[in-house]
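Numbers restart at 1 for each chain; the letters A, B, ... are given by sequence-line order, proteins then strands. Here the structure is a predicted model, which means the values were calculated and not measured.
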Protein chains: 2
Amino acid sequence: MGATKEVVVRLAKYKNVLEKLRSLGFVKVFSDNLADAVGVSPALVRKDFSMFGITGKKRGGYQLDDLITQLNRILGGDEVQRVIVVGCGKIGSALMQYRGFARERIRIVAGFDVDPAKIDPNAPIPIRDISELPYVVKSEKIKVAILTVPESAAAQVADMLVAAGVRGILNFAPILLKSQQNVVIHNINIALELENLFCLLRFAESEGERNR
Amino acid sequence: MGATKEVVVRLAKYKNVLEKLRSLGFVKVFSDNLADAVGVSPALVRKDFSMFGITGKKRGGYQLDDLITQLNRILGGDEVQRVIVVGCGKIGSALMQYRGFARERIRIVAGFDVDPAKIDPNAPIPIRDISELPYVVKSEKIKVAILTVPESAAAQVADMLVAAGVRGILNFAPILLKSQQNVVIHNINIALELENLFCLLRFAESEGERNR
DNA sequence: TAGATTGTTAATCGATTAACAATC
DNA sequence: TAGATTGTTAATCGATTAACAATC
């Protein structure tokens, strides 16, 4: 094949940029424009497109509407994407209320926690006891979950999610969960990201000295 | 050279795993153990180490204490790493209170916002008006900032941070900020991560069908 | 037309891995 | 000793880019 994860991820980035361009009134784009916006080379943009049979006009670039339609077809389109949040602590609650999701057609349909004080099935976004998770995942056909439980519970809750039928997990717990057969896991480790920033800076500095 | 960003990022992952192993009472590790924990091949672990002059014993693997010391030397070690949060909305506030940072020796020293209602210079972690940002960054020698402002303000505030002397930005606004000369920017776009999960699942499905 | 941009091939580049001698 | 693991070289692999004919 060749349609690796990286390509799919880039396609989604192109789509996001294109939607912004459309709202600005653009009608067409060149591979050059997209390349600049996403931070890749124009050749790669064209290659990514051609890999999925998306073509443009030799001199006129790509029609914005066409392109977005095609990308939606490939990426899974316009349906509202339903997600649950498991672990309603600080970060979990913040994500449940995050306004940026609506624009991307992402809807959080429920939260789950073990703390009885947090349970509130009548809230706009209901918060349920975690024991109800398997039932809700099945009846609502939930495919993707955001995992924001403490580190100590993360592995166990991840297993529970997979057992219930969840196929994609966005993990914020500071533990590396591994993608398995049929389950895609993305790990976001904020402390590690900060550490990496500090390391890279330190490195950039010593590089600078070396070149002086 | 060859010490690319990826290598540095892996070294930090090794270090995290090693610290956990140490707290479990481990005394030595093999490249095999680390490879499993971080999800890479044993050969790559050894290569990464040898690239920085870290050596083990031909039969006995690597001494845990030695290894951690070496990694600390390379990665910038044990000092407390001071960070500011710019934008004290839901996510910004959640991060300011996130308990996981302390363990990684990360300390949030201040928050900034434009909303007068949020300003509170006497809180445990003071929240200041954004106009004070340049002064605080300079006087406290802040190198890294977490950016959690709304999309519409992100680019402008990022410029402000760089002008004030910040050299690393962890950007949560849904906009792709580009790393420049001397400035490292990591973008975490949570909506995009979720979109990617859905896309990858959709892809995995159609792959599955094809192989049936 | 002249100029610009696509689509695609072949070349390049860099990162990862296989493999194995060295050696504990 | 026999067995296991490192350190390193050379081979592989895959992704990216350069380059250019096609063509609008």
Rounded off to whole Å, could you give me the [atom1]-to-[atom2] distance for the [X] and [N] pair?
X	N	atom1	atom2	result
A/Asn33	C/dT5	CG	P	9 Å
B/Leu34	D/dT5	CG	P	13 Å
A/Phe30	C/dG3	CZ	P	17 Å
A/Leu67	C/dT5	CG	P	16 Å
B/Lys28	D/dT6	NZ	C1'	13 Å
B/Lys5	C/dG14	NZ	C1'	16 Å
A/Glu6	C/dG14	CD	P	17 Å

With heavy-atom distances below 4.5 Å as the criterion, would you say the side chains of [X] and [Y] are in contact?
X	Y	value
A/Val166	A/Lys143	no
A/Ile146	B/Leu194	yes
A/Leu170	B/Leu197	yes

What's the closest nucleotide to the A/Leu44 side chain, out of C/dT16, D/dT16, C/dA15? D/dT16

Nearest to the side chain of B/Ser41, heavy atoms from C-beta on, is which of D/dA15, D/dT6, C/dT17? C/dT17

Who pairs with D/dT17 - Watson-Crick or G-U, where each distance is under 3.5 Å: C/dA10

Under a 3.5 Å cut-off for both contacts, is C/dT5 paired Watson-Crick or G-U wobble with anything, and if yes, with which nucleotide? D/dA22

Salt bridge check, [Y] against [X]: does any charged N sit closer than 4.0 Å to a carboxylate O?
X	Y	answer
A/Lys20	B/Glu151	yes
A/Arg82	A/Glu140	yes
B/Glu195	A/Lys15	yes

Please write out the pairs of protein N or O atoms and N or O atoms of nucleotides 7-9 of chain D separated by less than 3.5 Å, giving the distance to one decimal.
unit_1	atom_1	unit_2	atom_2	d
D/dG7	OP1	B/Gly56	N	2.4
D/dG7	OP1	B/Gly56	O	3.2
D/dG7	OP2	B/Gly56	N	3.4
D/dG7	OP2	B/Tyr62	OH	2.6
D/dG7	O4'	B/Lys58	NZ	3.4
D/dG7	N7	B/Arg46	NE	2.7
D/dG7	O6	B/Arg46	NH2	2.8

In terms of the nearest nucleotide of DNA chain C, which residue is placed more toward the 5' end: A/Asp32 or A/Arg59? A/Arg59

Over 12 non-hydrogen atoms of neighbours within 6.0 angstrom of NZ in B/Lys57: no

